Student: 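Could you have a look at this structure, given as structure tokens, before my questions?
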Amino acid sequence: MTCLQNKVTIITGGPGTGKTTLIKKLLSVMESNRLRFRLAAPTGRAAKRMFEGTGRSTETLHRLLEFTPGTMGFARNEQNALELDFLIVDEASMIDVFLMLAILKALPDKGHLVLLGDIDQLPSVGAGNVLKDLINSKKVSVVRLTQIFRQAQDSMIIVNAHKVNRGDFPRSSPTEGKRDFFFLKKNEPEELFPLLHTIYKKRFPALKIHPDKTVVLTPMNRGTAGTQRLNQELQMILNPETIENKTVMRFGQAYKVGDRIMQIRNNYDKFVFNGDMGKITDIDKSNQTIYIAFGDRNLEYDFTELNEIVLSYAISIHKSQGSEFDAVIIPIFMQHFILLQRNLIYTAITRAKKLCILVGQTKAIAMGIKNDKGTERTTFLKEFLTTDLEAR
């Protein structure tokens, strides 16, 4: 009712509180009333998740707003508004101020905006803290979903995500019920490597979990338990074959056919964005080209463009926002202490669908969970909405 009565509505809640169920119901109401709606999300992976949850066509915000590389702007704006009654945007915590401005410019006068998101996750990579500021301003109608529903209560992943959010230490799955969360205590980051071998070679196959649907999520890129070192280790476990002409070395890193990679900067010509994940399908040394499949698109990269990609068997927790994986391994050690905070650990746990394995030092994890300060962002959105401040 709130969504139908107000021009802007925020629906916020943690995992298992029914955000997707609620949206499905809202969509069926709209369809029966012949209302025009569109669904969007900030990233390709988040859009895919929304499509899987609702069964309705979903697109990225860049595609919805018709991004044009020539002008580096959006074709949809005040003069060329979207033709819709409702715009529903998932993973709204990832939206920065610039993208939010573009969304509002493209909304028609009669359009309603519904923002779905979890404000306890990490804020957007770009400037601002839009979702939190909108909620704190009390100027926008907010629906908070707090009840964890019965089927979600069986999952220790969801129970532990909410425990972490309250500042409590997560616990391993009980012997009875759903065994989908484990804490493995390790004191040294080096102990991680034999453990990864066991998990990937024995545990995942036994549970029929495909390696492509798993990921290691870590707070940092550098260090023993950082993405760079972990990716080299995981490449040896998951893609050890080295075919002479199908391997290319760049910046000390080997890229092979079959490797999982991630785009790390926006490439507007290829329409591939920071955080998109793909797989290397072919390497042509004579033409200095590498072919990467992103979903059903097989794109050609020149060897000189290899600075735009990294291996993605292990990725940073920040880069995992808006994604879901069947199984997630999260190493947390004291070497990460500079970045450890509650919303980081919470975001990592909520990426897991079927299995979550938390590995590391009890002290480091407890320290992260206790730190709910995070880095405060200085923004003026709340002030603009609640006072008579004017931009000058």
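Please read all numbers here as calculations on a predicted model, not as lab measurements.
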Student: Looking only at heavy atoms, which two atoms of Leu113 and Leu104 are closest? And how far apart?
Tutor: CD2-CD2, 3.9 Å
Student: Is the shortest side-chain heavy-atom distance between Glu83 and Arg36 below 4.5 Å?
Tutor: yes
Student: Which pair of non-hydrogen atoms, one from Cys3 and one from Ile11, has the smallest distance, and what is that distance?
Tutor: SG-CD1, 3.8 Å
Student: So do the side chains of Lys279 and Asp212 get within less than 4.5 Å of each other, counting heavy atoms only?
Tutor: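 With C-beta onward as the side chain, the pair touches.
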Student: Could you check whether Lys246 pairs with Asp282 (Lys NZ or Arg NE/NH1/NH2 to Asp/Glu carboxylate O, under 4.0 Å)?
Tutor: yes
Student: Please confirm whether Arg229 makes a cation-pi placement over Phe193, using NZ or CZ under 6.0 Å from the six-membered ring centre and within 45° of the ring normal.
Tutor: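 Checked: cation-pi criterion met.
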Student: Do the two ring centres, one from Phe271 and one from Phe273, sit under 6.0 Å apart?
Tutor: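 Here the rings of Phe273 and Phe271 have centres that are less than 6.0 Å from each other.
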Student: Using ring centroids (six-membered ring only for Trp), state whether His62 and Phe74 fall under 6.0 Å.
Tutor: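 Judged by ring-centre distance (under 6.0 Å), Phe74 and His62 do meet the cut-off.
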Student: What are the two closest non-hydrogen atoms of Leu87 and Ala40, and how far apart are they?
Tutor: CD1-CB, 4.5 Å
Student: Under a 4.5 Å cut-off applied to non-hydrogen side-chain atoms, are Leu64 and Arg38 in contact?
Tutor: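 Yes, their side chains come closer than 4.5 Å.
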Student: Going from CG on Asp284 to OG1 on Thr289, what distance comes out if it is rounded to the nearest 0.5 angstrom?
Tutor: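 These two atoms lie 4.0 Å from each other.
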Student: Find the distance between CG (Leu230) and CG (Leu196) and round it off to the nearest 0.5 Å.
Tutor: 6.5 Å
Student: For the backbone of Gly117 and the side chain of Ser93, can you confirm whether one donor and one acceptor N or O come within less than 3.5 Å of each other?
Tutor: no
Student: For the atom pair CG (Leu145) and CG (Leu22), what is the distance rounded to the nearest 0.5 Å?
Tutor: 6.0 Å
Student: Dump the intermediate steps for side chain to side chain donor-acceptor pair (under 3.5 Å) on Tyr313 and Asp259, then the final yes or no.
Tutor: CA-CA 8 Å; Tyr313 300 107; Asp259 272 338; 2.6 Å; yes
Student: Classify the ring geometry between Phe86 and His112 as parallel (under 30°), tilted (30 to 60°) or perpendicular (over 60°).
Tutor: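 Correct class here is parallel.
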Student: Say whether, by atom type as modelled, one donor and one acceptor occur between the side chain of Arg144 and the main chain of Thr12 under 3.5 angstrom.
Tutor: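 It does not hold such a pair.
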Student: If you round to the nearest 0.5 Å, how far is CG of Leu355 from CE of Met156?
Tutor: 13.0 Å
Student: Return yes if a side-chain donor-acceptor contact under 3.5 Å exists between Thr379 and Asn129, otherwise no.
Tutor: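 There is no such pair (donor and acceptor under 3.5 Å, judged by atom type) between the side chains of Thr379 and Asn129.
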Student: When rounded to the nearest 0.5 angstrom, what is the spacing between CG in Leu234 and OG1 in Thr214?
Tutor: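 Leu234 atom CG to Thr214 atom OG1 measures 8.0 Å (nearest 0.5 Å).
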Student: Is Lys270 paired with Glu308 through a side-chain N to carboxylate O contact shorter than 4.0 Å?
Tutor: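 Looking at Glu308 and Lys270, the cut-off is not met.
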Student: Please check: side-chain N/O of Ser141 versus main-chain N/O of Asn6, any donor-acceptor pairing under 3.5 Å?
Tutor: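 Side chain of Ser141 to backbone of Asn6: no pair is present.
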Student: Heavy atoms only: give me the nearest Thr362-Phe183 pair and the separation to one decimal.
Tutor: OG1-CZ, 3.8 Å
Student: Give a yes or no on whether the backbone of Ser323 and the side-chain of Arg351 come within a donor-acceptor separation of less than 3.5 Å.
Tutor: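 Yes, the answer is positive, given that a donor and an acceptor are paired below the 3.5 Å cut-off.
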Student: Checking the side chain of Thr68 only, and the main-chain atoms of Gly70 only, is there a donor and an acceptor separated by less than 3.5 Å?
Tutor: no
Student: State whether the side chain of Lys186 and the backbone N or O of Leu192 hold a donor-acceptor pair below 3.5 Å, judged by distance alone.
Tutor: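 It does not hold such a pair.
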Student: Decide yes or no for Ile280 and Lys256: does some side-chain heavy atom of the first lie under 4.5 Å from some side-chain heavy atom of the second?
Tutor: no
Student: Would you say Ser137 and Leu381 make side-chain contact, with heavy atoms under 4.5 Å?
Tutor: no
Student: With the side chain counted from C-beta on, respond yes when Leu344 and Pro219 share a heavy-atom pair under 4.5 Å apart, and no when they do not.
Tutor: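 When only atoms from C-beta onward are counted, Pro219 and Leu344 do touch, with a gap below 4.5 Å.
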Student: Using a distance-only test with no angle check, is there a side-chain donor-acceptor pair under 3.5 angstrom linking Gln263 and Tyr301?
Tutor: yes
Student: I'd like to know if the side chain of Ser124 reaches the main chain of Met94, judged simply by a donor and an acceptor atom lying under 3.5 Å from each other, with no hydrogens or angles considered.
Tutor: no
Student: Identify the heavy atoms of Val114 and Leu26 that sit nearest to each other, and give their distance.
Tutor: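 In this case the closest contact between Val114 and Leu26 is CG2-CD2, 4.5 Å.
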Student: Judged by atom type as modelled, is there a donor-acceptor pair below 3.5 Å linking the side chain of Gln361 to the main-chain atoms of Met334?
Tutor: yes
Student: Would you say the side-chain atoms of Thr387 pair up with the backbone N or O of Phe384, donor to acceptor, closer than 3.5 Å?
Tutor: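 Pair absent, no side-chain N/O of Thr387 close to backbone of Phe384.
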Student: Rounded at 0.5 Å granularity, tell me how far CD1 in Ile157 sits from CD1 in Ile349.
Tutor: 9.5 Å
Student: Among Thr350, Asp372, Asp120, Asn160, find the residue that satisfies the side chain to side chain donor-acceptor pair (under 3.5 Å) test when tested with Asn165.
Tutor: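 Among the candidates, only Asp120 passes.
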Student: Can you name the nearest heavy-atom pair linking Thr347 to Gln121, along with the distance?
Tutor: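 In this case the closest contact between Thr347 and Gln121 is OG1-CA, 3.4 Å.
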Student: Between Asn77 (side chain) and Gln79 (backbone), is there a donor-acceptor pair under 3.5 Å?
Tutor: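 Pair found, side chain donor or acceptor close to backbone of Gln79.
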Student: Whether Arg76 and Glu66 form a salt bridge (side-chain N of Lys/Arg under 4.0 Å from carboxylate O of Asp/Glu) is what I want to check.
Tutor: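 Yes, charged N to carboxylate O under 4.0 Å.
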